Each structure stands twice: as C-alpha cells, then as structure tokens.
Trainee: 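Would you mind keeping the following structure in view while I ask a few things?
Heavy-atom basis, side chains included; hydrogens, waters and symmetry copies ignored. These figures come from a predicted structure and were not determined experimentally.
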Amino acid sequence: MNGIVIVLVAAVVLVAGYLLYGRWLARTWGIDAEAITPARRMEDGKNFSPASCFTAFSHQFSSICGAGPVTGTIAAMMFGWLPVLLWVLVGGIFFGAVHDFGALYASMRNNGKSLAQLIEKYIGHTGRRLFLIFSWLFTIIVIAAFVDMVAGTFRATFDAAGAVDAAASYAGGAAGTISILFTFVAIAFGWINRRFGLTGWKELLLAVVLFVLMFAVGMQFPVYLDKNGWFAVIMVYLLFAAAMPIQTLKQPRDYLTSIMMLVMIVCAVIGVFVLGAGGQATMTAPMVADLGALASKGSYVFPLLFVSVACGALSGFHSLVSTNTSSKQVSSEKDALPVGYGAMVLESFVGVLAIVFAAIMFSDLNTAGTGLLNNGAAATPFQIFSQGVARGMTAFGVDSTLATVFMTMCVSALALTSVDAVARIGRLSFQEFFAKSNDAAEEAGAGAEGAARFFSNTWVATVLTLALGLALAFGGYNNIWPLFGASNQLLGGMTMIMLAVFCKCTGRKGFMLYVPVAFLLVSTFTSLVQSIIGCVSALSASGAAVIATSGLQLVFAILLVVLGLIVAYNCLRELFTKSAGSLPDEEPEWSELGRRNCGE
C-alpha cells in the first residue's frame with residue numbers, strides 16, 4: 001500500500017467528520033455566538049484569560065497532542081497498521097473529538113468549572129473528592145511517562161571512556177538547547193504581544209523570527225547532559241510552567257509550539273508525497289499481524305489496542321485540558337467547535353502520519369526479523385517517527401542535519417507541551433481537593449486553615465506533584481505506558497458518563513455518548529486488571545528488586561481501579577435516576593466573580 005493513499009483517505013474522512021458530525025453535534029447541543037464566555041466575564045489575570053480562536057486552539061492542540069499519537073499508535077502496530085488506522089479514524093471522530101468538545105462545552109456552560117467541579121454539580125460532593133484523587137494520581141503517571149520520554153530523547157551518548165560522543169548526541173543536544181531557550185523566548189514573546197498589541201500576521205512574523213534565532217543558537221551550542229541531568233532541567237521548567245499565570249508562559253509557549261507542529265505536519269505530508277513520487281512510500285509493515293501468535297504471548301487486541309493508541313483516538317487527559325484551562329480562554333462559544341472538536345481531529349491526523357511513516361520505515365528498522373515494528377533493531381516510536389519525517393524532508397531538499405534537529409525538537413515538544421499542561425492540571429487538582437466551595441472562580445486555599453492551607457499553596461502543590469512524578473519516572477516509560485493507557489481511557493469513560501448526565505439534566509440529547517461509555521469502561525477495567533496481574537507476577541518473580549517500579553505501579557493500578565469503580569457507579573446511578581431538565585446551565589451570576597462582573 002502506498003502511504004499517499006492512506007494520507008489522502010484519512011484527511012478526507014477526518015475533515016468530513018469535523019464538517020458533518022462535529023457541526024451536527026454543535027447544533028444539537030446548542031452554540032450561542034452572542035454569549036459572554038467565562039474567559040471574558042471572569043478574567044482574573046491568572047487562569048481566566050480570553051484569547052483569540054487560534055491562540056485557544058493552539059493551547060488545546062499543543063497540550064493534548066503529546067506523545068500519545070506517536071508512541072501509542074506505533075506501539076499498537078504490533079497488531080498491524082490497519083487495525084490501528086481504523087481505530088484512530090473511528091475513535092477520533094466518534095469518541096475522542098466528542099469527548100473533548102463535550103467537556104469544553106459543559107465547562108463553558110457552567111462558568112468554567114473543572115471536570116471535578118462538574119462531577120460535584122451533577123454527581124455529588126463525594127464523587128468530586130474521589131475523582132480529584134483519581135485525576136491527581138493520573139497526572140503523576142503522565143508526568144512520569146512523558147518526562148522519561150523527553151529526557152531519553154535529549155540525553156547524550158557517552159563512549160567507553162566517559163566522553164560525550166558528539167556525533168551521536170548532536171541532534172538531542174541541539175534540541176535540548178532549543179527547548180531551554182523556548183522557555184525564555186515564550187515569556188518574552190507573550191510580553192511583547194501584550195505590550196504592543198501584536199495580532200495576526202505581526203504575531204506570526206515575530207514567532208517565525210524567534211524560531212529561526214532559537215534554532216540557529218541551538219544548533220551552534222548544543223547542551224550535552226545525561227538522562228538524570230535532563231530530568232533535573234525538565235523538572236525546573238515544569239515547576240515554573242505549572243505555577244506561573246497561564247498567560248505569562250503557557251499561553252505564548254503553546255502558540256509557538258503549535259506553529260512548529262503545524263510546520264511539522266505540512267513537512268510530513270509533503271515528505272510522503274515526495275517519497276511516494278520516487279517509489280519510496282510503500283508501507284512494508286504487515287497490514288494485519290498474526291493475532292493468534294500475539295495472543296499466545298499475552299498481547300490481545302482487546303483491550304491492548306484501544307488503551308495503547310490513547311491520544312490518537314481518545315484520551316481522558318484531554319478532558320482535563322478542556323475544563324481546567326481551555327474553557328477559561330475561549331472568547332466566543334462559536335470557537336468551541338474548532339478548539340474542542342477540531343484540535344482532536346488534527347491530533348488524529350498526526351496519529352495517521354505516525355502510522356504511515358512507521359509502516360514505510362518498517363523494512364529498514366525490522367532487521368532483527370521479529371515481525372514486530374516496535375521490537376525491531378532500531379528505535380523508540382519517537383525515533384521512528386522523527387527519522388521517517390526527516391527522511392521525507394531531506395527528499396524535498398532540506399538539509400539532513402537541520403531536518404533531524406527539527407524533528408527531534410518537534411517530537412520532544414509533543415511531550416513537553418503536554419507534560420507542562422498536565423503538571424499544571426495536577427497542581428490544580430491537588431489544590432482543588434481542599435477547596436471550600438464549588439465555584440470555578442474561587443482562589444486556591446481561600447478559607448482553608450492549618451494543613452489544608454499549607455497544601456493548597458501553589459508552590460507546595462506543584463512540588464509534591466512533580467516529586468511523585470519524578471519518582472515514578474525512574475521506572476521508564478515502557479513500564480508506565482500500559483498503566484497510563486488504561487487509566488487515561490478510564491478517565492475518558494468517566495468523562496463521557498458525566499457528559500451523559502449533563503445532557504440529561506440540562507434537557508439535551510446524549511444518546512451519542514452511550515456506546516462510547518460502555519466500550520471504554522469495559523476495555524479500561526479489563527486492561528487495569530491485566531496490569532495488576534502483571535505487577536503481581538513481576539513482584540513474585542523478582543521480589544524486592546522491583547519494589548520501586550512494579551510495586552509502585554501495582555499500588556497505582558489498584559487505587560485507580562477502586563476509585564474508577566466508585567466514580568463510575570455513582571455516575572451511572574445518577575444517569576438513571578436524574579430527571580430530564582432538572583439542572584439547567586449555570587447563569588453568570590451563580591459565581592462570585594460572575595455576580596461581581598455580570599453588570600459590566
């Protein structure tokens with residue numbers, strides 16, 4: 001199969017899904033272009049910060065388009081590229097995009113409430129507290145997995161004498177330098193835009209100039225650190241990204257990152273066509289693998305395929321982004337569809353590109369003769385994808401060194417922009433646990449005393465969240481990913497149940513959510529049980545040697561199952577007992593800031 005065909009077919013399917021199903025969903029639930037959104041009505045200079053449609057889209061897309069659409073899809077190709085492609089397309093349109101848009105929409109219609117606050121309103125106070133524990137544990141898992149990926153991408157290679165192998169380490173070192181510069185450049189970029197009111201082409205031109213300068217400096221002065229060194233650098237960055245006001249660092253960084261990712265997508269598409277024109281875009285990976293042989297080794301299509309692909313088709317993490325941050329930036333309700341539904345559709349397209357390039361490179365990478373792409377001689381999914389796109393860029397005239405550095409930076413940015421979002425959300429979830437009210441505008445720690453006041457401090461909550469994530473990261477993302485995938489999809493299932501309750505309570509149609517809810521709950525609980533069995537087996541075989549990895553993962557898996565069952569039970573109970581139209585959307589004056597600013 002020629003990769004060009006897959007890219008074209010996928011693009012048509014995804015665009016049709018957005019134009020037909022996405023718009024139908026928006027009409028069915030109701031979009032009011034004249035409504036004053038929470039971002040505008042409750043602007044506070046910290047979390048509520050109105051932004052243009054593209055800036056809000058950039059935040060959503062760069063935050064959700066992390067390692068998942070690359071790592072998950074390529075890892076799942078052990079089952080063949082066709083099952084993965086079908087799940088990315090079907091899941092992206094009917095599961096993931098509905099989930100992301102629904103969470104964003106429900107939050108906007110409830111004064112910018114987080115997912116946990118929505119659960120309290122529609123499910124109950126106990127459900128909210130349990131969900132906050134679940135989401136906080138989940139963010140720790142994501143931090144661990146993604147930080148390990150980024151540090152592994154940047155780390156230097158050392159020879160037998162302990163000296164840096166500059167040739168082998170150059171791409172990662174240069175990309176690492178650019179990432180460090182990115183932080184300071186993003187802060188300056190945001191300040192300049194606010195100070196001089198830059199928008200449109202002027203804002204874009206400034207972004208391009210800054211990109212050129214960053215890449216020039218990064219390629220000239222690469223930073224070579226081992227993995228632990230990069231762990232430290234990334235954690236310092238996350239500390240500030242999670243704690244600083246969103247418009248100071250996160251919002252401008254997301255804008256810059258989205259520009260870079262869009263360039264990457266364009267380069268990848270052009271590369272497929274150029275390679276295809278030269279007869280080099282043949283997808284040599286198996287269309288469908290020997291599923292029976294894989295099952296005999298414990299790798300079953302269900303549920304492993306559906307929890308591995310994660311962000312490429314559906315990701316519960318996206319609901320945390322939609323409700324905790326994006327709903328507080330959207331300036332007009334009409335922007336909710338491109339921000340919520342559109343960002344997920346574009347992420348699914350990134351997943352398709354990852355499938356195509358991995359399948360094209362299969363014959364080069366699978367020299368070990370295993371028949372499994374991700375167990376071949378070469379590489380991690382990140383390296384496979386970056387090498388594939390770099391090959392395509394070289395085919396249409398880009399310098400090979402520049403292409404390699406650019407793609408190394410892009411794949412690390414995929415993870416970094418998600419992990420800084422999830423670090424912020426983890427901090428907010430931890431603080432929210434001690435909140436006295438269910439008002440989205442409440443200041444963290446307001447009214448708290450003693451230990452609750454201490455733990456709800458922004459910096460304390462951030463440090464605790466990052467410290468646990470770092471401890472789990474030493475187990476390596478390969479060990480964490482199955483646990484991440486299952487808990488991620490379970491979070492998606494719980495979000496879908498909450499949306500179903502929201503639709504029923506507000507008199508909206510919610511039938512399109514029922515099949516995704518059932519499928520996600522069954523597949524995720526099955527996968528989590530398998531993870532528990534695997535951790536117990538590892539502990540039995542190795543004992544104390546794996547306490548720090550399998551033991552900690554076992555504790556997380558059990559907690560996630562217990563919390564997930566309790567929250568899911570409470571959500572389903574409310575779904576069947578609530579009366580249609582019993583809880584209308586929140587009026588602006590229902591929140592403290594809303595009451596204060598409604599007249600204005």
Side-chain angles (χ1 to χ4, degrees), residues 44-49 58-60 62-67 112 114-116 132-151 179-180 182-187 190 230-257 317-329 412-435 440 442-445 454-473 484 491:
D44 61 3
K46 295 180 180 178
N47 297 311
F48 290 86
S49 179
S58 297
H59 167 75
Q60 177 82 4
S62 62
S63 296
I64 68 174
C65 191
S114 68
L115 187 57
L132 282 169
I133 297 173
F134 178 95
S135 60
W136 185 61
L137 292 174
F138 170 74
T139 59
I140 291 170
I141 294 172
V142 179
I143 290 169
F146 286 18
V147 166
D148 181 75
M149 290 179 190
V150 177
S179 291
I180 294 172
F182 224 118
T183 303
F184 302 100
V185 168
I187 294 173
W230 282 114
F231 270 150
V233 171
I234 294 167
M235 283 297 169
V236 170
Y237 162 70
L238 293 179
L239 178 66
F240 289 98
M244 294 173 73
I246 196 164
Q247 72 271 23
T248 301
L249 172 58
K250 188 78 177 79
Q251 201 175 74
R253 179 187 168 89
D254 290 338
Y255 180 95
L256 291 170
T257 303
F317 160 63
H318 297 183
S319 65
L320 300 180
V321 176
S322 293
T323 59
N324 282 72
T325 54
S326 292
S327 65
K328 299 172 177 62
Q329 297 181 59
S412 63
L414 285 171
L416 265 179
T417 51
S418 286
V419 77
D420 59 18
V422 83
R424 187 179 191 86
I425 291 166
R427 183 263 292 179
L428 291 170
S429 297
F430 189 84
Q431 289 178 294
E432 198 176 316
F433 185 83
F434 301 99
E442 180 183 290
E443 289 284 341
F454 173 77
F455 286 116
S456 58
N457 176 273
T458 296
W459 295 99
V460 172
T462 303
V463 169
L464 285 173
T465 302
L466 294 179
L468 283 174
L470 180 62
L472 195 60
F484 158 73
L491 175 57

Trainee: Could you label the plane-to-plane angle of the Phe138 and Phe134 rings as parallel, tilted or perpendicular, counting under 30° as parallel and over 60° as perpendicular?
Mentor: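 Geometry flag for Phe134 against Phe138: parallel rings.
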
Trainee: Is a salt bridge present between Lys250 and Asp254, judged by a nitrogen-to-oxygen distance below 4.0 Å?
Mentor: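 Looking at Lys250 and Asp254, the cut-off is met.
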
Trainee: Test Leu464 against Phe455 for side chain to side chain contact (heavy atoms under 4.5 Å, CB included), laying out the working first.
Mentor: CA-CA 9 Å; Leu464 285 173; Phe455 286 116; 3.6 Å; yes

Trainee: Check whether any side-chain N or O of Gln431 sits under 3.5 Å from a backbone N or O of Ser456 as a donor-acceptor pair, and report yes or no.
Mentor: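 A pair under 3.5 Å: yes.
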
Trainee: Between Ser63 (side chain only) and Gln60 (backbone N and O only), is there a donor and an acceptor less than 3.5 Å apart?
Mentor: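 Judged by distance alone, no pair lies under 3.5 Å.
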
Trainee: Drop me the distance from Leu416's CG to Ser179's OG, to the nearest 0.5 angstrom.
Mentor: 5.5 Å

Trainee: What pair of heavy atoms forms the shortest contact from Ile64 to Phe317, and how long is it?
Mentor: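 Looking at all heavy atoms of both residues, the closest pair is CA-CE2, 4.2 Å.
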
Trainee: Nearest heavy-atom pair of Gly469 and Ile143: which atoms, and what distance?
Mentor: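 So the two residues come closest at CA-CG2, 4.0 Å.
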
Trainee: Check Ala423 against Leu466 and note the closest heavy-atom contact, atom names and distance.
Mentor: CB-CD2, 4.0 Å

Trainee: Would you call Ser319 and Leu491 a side-chain contact if the rule is heavy atoms closer than 4.5 Å?
Mentor: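 Contact flag for Ser319/Leu491 side chains = yes.
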
Trainee: Which value, rounded to the nearest 0.5 Å, describes the distance between Ile141 atom CD1 and Leu468 atom CG?
Mentor: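 Separation between the atoms: 11.0 Å.
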
Trainee: Between Leu249 and Tyr237, is any pair of side-chain heavy atoms under 4.5 Å apart?
Mentor: yes

Trainee: If we ignore hydrogens and angles and just use 3.5 Å, is the side chain of Arg424 paired with the main-chain N or O of Met244 as donor and acceptor?
Mentor: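 A pair under 3.5 Å: yes.
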
Trainee: Can you tell me how far the CH2 atom of Trp136 sits from the CZ atom of Phe433, to the nearest 0.5 Å?
Mentor: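 One finds 10.0 Å between CH2 of Trp136 and CZ of Phe433.
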
Trainee: In sequence, state the C-alpha distance, the side-chain angles, and the governing distance for Val419 and Val142, and then conclude on side chain to side chain contact (heavy atoms under 4.5 Å, CB included).
Mentor: CA-CA 7 Å; Val419 77; Val142 179; 5.5 Å; no

Trainee: Using 30° and 60° as the class boundaries, would you call the ring planes of Phe240 and Trp459 parallel, tilted or perpendicular?
Mentor: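 Perpendicular, since the angle between the ring planes exceeds 60°.
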
Trainee: So how far is it from Leu137 CG to Thr465 OG1, rounded to the nearest 0.5 Å?
Mentor: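 With rounding to 0.5 Å, CG (Leu137) is 10.0 Å from OG1 (Thr465).
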
Trainee: Would you name the heavy atoms of Ala243 and Thr462 that are closest together and state the gap between them?
Mentor: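 Looks like CB-OG1, 4.1 Å.
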
Trainee: ring-ring contact (aromatic ring centres under 6.0 Å, His included) with Phe231: which residues, sequence neighbours excluded?
Mentor: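 With sequence neighbours excluded, Phe231 shows a ring-ring contact (aromatic ring centres under 6.0 Å, His included) to Phe474, given in chain and number order.
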
Trainee: At what distance, to the nearest 0.5 angstrom, does CG of Leu238 lie from CZ of Arg427?
Mentor: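 Answer for the CG-CZ pair, Leu238 versus Arg427, is 12.5 Å.
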
Trainee: Arg253 side chain to Phe182 main-chain N or O, any donor-acceptor pair under 3.5 Å?
Mentor: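 Not at all, since once roles are kept as given, no pair shorter than 3.5 Å links the two residues.
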
Trainee: Determine the minimum heavy-atom distance between Ser49 and Gln247, stating which atoms define it.
Mentor: OG-CB, 3.8 Å

Trainee: Any chance you could measure Asp420, atom CG, to Thr183, atom OG1, to the nearest 0.5 Å?
Mentor: 8.5 Å

Trainee: Give me the atom names and distance for the closest heavy-atom approach of His59 to Ser326.
Mentor: CD2-OG, 3.2 Å

